[in-house]
Amino acid sequence: MSLYKRKDSSVWWLKVTVNGQMIQRSTGTTDKANAQEYHDKLKSDLWEQSRLGIKPSHSWQDAVERFLLETQHKASQVSDIYHLKWLDTYLRNAQLNDINRAMLDKLTQARRADKVKNSTINRMLEVVNAILRKAVYEWDWLDKAPKVFMLPKTKSRIRWITQEEAERLISACPPHLAAMVAFSLETGLRKRNVLDLDWSQVDLSRKIAWIHADQAKSRKAIAVPLTDIAMRMIQAQVGKHQTKIFTYKGKPVFDANNSAFSRAKERAGIKNFRWHDLRHTWASWHVQAGTPLHVLKELGGWADIKMVMIYAHLSIEHLTSYVDKASSSRVVNVVKGYDLATA
C-alpha cells in the first residue's frame with residue numbers, strides 16, 4: 001500500500017517510487033484523507049521534478065536553517081538572527097518561490113511602521129537578499145530571485161567628543177567603567193573586544209595587545225599598540241580576575257552600555273552619545289592629530305579603507321598648501337581699499 005501505519009505510530013506514512021527510487025516518510029497526520037492528499041501532491045511534485053526538470057520547492061524555514069549553518073562564522077550573525085526573528089512573523093509559512101517583489105514591498109512597509117531607521121530596514125533586506133542569492137547561485141534551489149531594492153541612506157554626522165568632554169565623562173563614571181571608557185578612547189577597540197579581553201591577549205613588556213581573528217569584526221587578527229594611559233588602565237586591573245581584564249566586583253562585565261554609563265553621560269552633560277561613539281572619538285582624534293588614513297585603517301582593524309574615509313573631512317592639512325593658488329590679486333587689491341574692521 002502507498003499509505004500505511006507503523007506499529008509504534010498513529011500517523012500515516014507513505015511509500016512512493018519515482019524512477020526506481022523509493023521514498024518513505026511520515027505524512028505528519030492521523031487523518032487518512034489528509035495523508036492521501038499529501039501523498040498525491042508529493043508524487044506529482046516528484047514526477048514534475050523528474051520529467052520536467054522543475055526544481056523542488058523549498059520553504060523559507062529550510063533556507064534560514066541552511067543560511068545560519070553556513071554563516072555561523074560571521075561576526076554579524078547576531079544581527080542576522082535579530083532580523084530573521086522579525087521576518088519569521090511574515091515568512092514562517094512561505095515557500096522561497098513565493099517571495100516576490102510585492103512581498104518584499106510589504107516587508108518594507110511593515111518595518112517602516114515600526115518607526116525604525118532606513119538603515120535598519122536595509123539591514124533586514126540585506127539578510128533576505130543574501131538568502132535568496134544563495135538559493136539561486138549556490139544551492140540551486142531557485143532559477144531566479146526578485147530584485148531587492150534598498151532605501152536611501154540618511155547621511156548622519158560622526159558623533160565624537162572633545163578631550164574636555166572625555167575628561168568629564170571619565171570623571172563621572174564609576175571606577176570600573178571609567179577604566180573601560182579610558183581604555184576604549186586610547187585603543188579604539190569595539191565594546192565586545194574590550195569586555196572579552198583576556199590577560200593572555202596582552203604583553204605588558206612589549207606594550208601590545210591583540211584581538212584574535214575570530215573576535216574581530218573583519219575576521220582578521222588585530223595588533224593593538226598600547227599607549228601609556230592604556231597600560232595604566234590594564235595594570236590597575238592586575239589581580240582582580242584570573243582571565244578577564246575588565247571586571248566589576250571580581251566578575252566579568254557583560255555589557256558596558258548600561259544604566260551606569262547613561263547616568264555618567266547625564267552627569268557629564270553629554271547627549272546623543274553611544275558607547276560605539278568612543279571608537280568614533282578615538283578615530284577622530286587620530287585624524288585631527290595627523291595620523292594618515294591608511295595607518296588608522298590598520299590601527300582600527302578595518303577591512304576596507306572606505307570605512308575610514310568617513311573621518312577624512314577632519315583632516316585638511318594636506319589641502320592648506322593649495323588654497324592660495326586660486327586667490328585673485330584683483331580681489332586682494334579691492335579688499336585693501338576697505339576698512340574691514342568697521343565694515
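Just so you know, these numbers come straight off a predicted model, no measurement behind them.
- Between Ile158 and Ser284, the shortest heavy-atom distance links the atoms CG2-OG, 4.3 Å.
- Residues satisfying the ring pair (Phe, Tyr, Trp, His ring centres under 6.0 Å) criterion with His286, sequence neighbours excluded, are Trp282.
- Under the side-chain hydrogen bond (donor to acceptor under 3.5 Å, both in side chains) test applied with Lys191, the options Asp255, Asn257, Asp196 reduce to a single match, Asp255.
- The hydrophobic cluster containing Tyr82 does not contain Trp60, counting ILVMFWY residues as joined when their side-chain heavy atoms lie under 4.5 angstrom apart, directly or transitively.
- Looking only at distances, no side-chain donor or acceptor of Thr71 sits under 3.5 Å from a matching main-chain atom of Lys74.
- What you find for Arg192 and Phe254 is that their closest heavy atoms are NH2-O, 2.8 Å.
- Minimum heavy-atom separation, Ala182 to Met233: CB-SD, 3.8 Å.
- Under 4.0 Å is where a charged nitrogen must lie from a carboxylate oxygen, and between Asp105 and Arg101 at least one such pair does.
- Counted within 6.0 Å of CD on Gln242, heavy atoms from surrounding residues, nucleotides or ligands total 12 or fewer; the atom is thus considered open.
- Arg267 places a side-chain N or O within 3.5 Å of a backbone atom of Ala172 that can act as its donor or acceptor partner.
- Within a 6.0 Å sphere centred on CZ of Arg219, other residues, nucleotides and ligands contribute more than 12 heavy atoms.
- A salt bridge links Arg123 with Glu126: at least one charged nitrogen is closer than 4.0 Å to a carboxylate oxygen.
- Here the side chain of Ser184 pairs a donor or acceptor atom with the backbone of Met180 at under 3.5 angstrom.
- With sequence neighbours left out, Asn34 forms a side-chain hydrogen bond (donor to acceptor under 3.5 Å, both in side chains) with no residue at all.
- Counted within 6.0 Å of CG on Asp228, heavy atoms from surrounding residues, nucleotides or ligands total 12 or fewer; the atom is thus considered open.
- In this structure, the separation between CG on Leu84 and CD on Gln61 is 9.5 Å, given to the nearest 0.5 Å.
- One distance of note links CG of Asn122 with CG of Leu151; it measures 5.0 Å at 0.5 Å rounding.
- Contact record, Lys240 with Thr247: CB-OG1, 3.9 Å, taken as the closest heavy-atom pair.
- One finds the CE atom of Met124 at 8.5 Å from the CG atom of Leu104 (value rounded to the nearest 0.5 Å).
- The shortest non-hydrogen separation linking Ala35 to Thr29 is N-CG2, 3.6 Å.
- Between Trp141 and His58, the angle of the ring planes stays under 30°, which puts this pair in the parallel group of the 30/60° scheme.
- Atom CD of Glu164 is surrounded by 12 or fewer heavy atoms from other residues, nucleotides or ligands within 6.0 Å.
- Leu132 has its side chain out of reach of Tyr137: every pair of non-hydrogen atoms, C-beta onward, lies at least 4.5 Å apart.
- Among residues two or more places apart in sequence or in another chain, the ring pair (Phe, Tyr, Trp, His ring centres under 6.0 Å) test is passed with Phe261 by Trp275.
- When the side-chain hydrogen bond (donor to acceptor under 3.5 Å, both in side chains) test is applied to Lys265, no partner is found at least two apart in sequence or on another chain.
- Sparse packing is recorded around CZ of Arg133, with 12 or fewer heavy atoms of other residues, nucleotides or ligands lying under 6.0 Å away.
- In summary, Glu37 and Lys41 do not engage in a salt bridge, as defined by a charged side-chain N under 4.0 Å from a carboxylate O.
- Of the possible donor and acceptor atoms, none in the side chain of Glu65 sits under 3.5 Å from a partner among the backbone N and O of Asp62.
- Between the CE atom in Met309 and the CG atom in Asp304 there is a gap of 11.0 Å [rounded to 0.5 Å].
- Hydrophobic clustering of Ile, Leu, Val, Met, Phe, Trp and Tyr side chains at less than 4.5 Å, counting indirect connections, keeps Val194 apart from Trp210.
- Every ring pair (Phe, Tyr, Trp, His ring centres under 6.0 Å) that Tyr248 has, sequence neighbours left out, goes to His176.
- Without hydrogens or angle criteria, Asn193 side chain to Gln215 main chain gives a donor-acceptor distance under 3.5 Å.
- Taking the side chain as every heavy atom from C-beta outward, Leu68 and Gln77 approach each other to under 4.5 Å.
- Between Asp203 atom CG and Ile208 atom CD1 the span is 7.5 Å, to the nearest 0.5 Å.
- By the side chain to side chain contact (heavy atoms under 4.5 Å, CB included) test, Glu298 is found to be paired with no residue, residues two or more places apart in sequence or in another chain being considered.
- Heavy-atom neighbours of Lys217 NZ from other residues, nucleotides or ligands within 6.0 Å: at or below the threshold of 12.
- Between Trp86 and Tyr90, the angle of the ring planes lies from 30° to 60°, which puts this pair in the tilted group.
- Checked by atom type and distance alone, the side chain of Ser76 never pairs as donor or acceptor with a backbone atom of Ser79 at under 3.5 Å.
- Minimum interatomic distance between Val128 and Leu87 (heavy atoms only, all atoms of both residues): CG2-CD1, 3.6 Å.
- Between Thr120 and Lys117 there is a side-chain heavy-atom pair separated by less than 4.5 Å.
- No continuous path of ILVMFWY side-chain contacts below 4.5 Å connects Phe149 to Met103, so the two sit in separate hydrophobic clusters.
- In this structure, CH2 in Trp12 is found 9.0 Å from OG1 in Thr27, a value given to the nearest 0.5 Å.
- Residue Lys220 qualifies as open at atom NZ: its count of foreign heavy atoms under 6.0 Å is 12 or below.
- Within 6.0 Å of CE on Met150 lie more than 12 heavy atoms contributed by other residues, nucleotides or ligands.
- Pro252 places none of its side-chain heavy atoms less than 4.5 Å from the side chain of Leu195.
- With respect to the salt-bridge test (charged N to carboxylate O, under 4.0 angstrom), the residues Lys85 and Asp88 do not qualify.
- Between His280 and Trp160, the gap from one ring centroid to the other reaches at least 6.0 Å.
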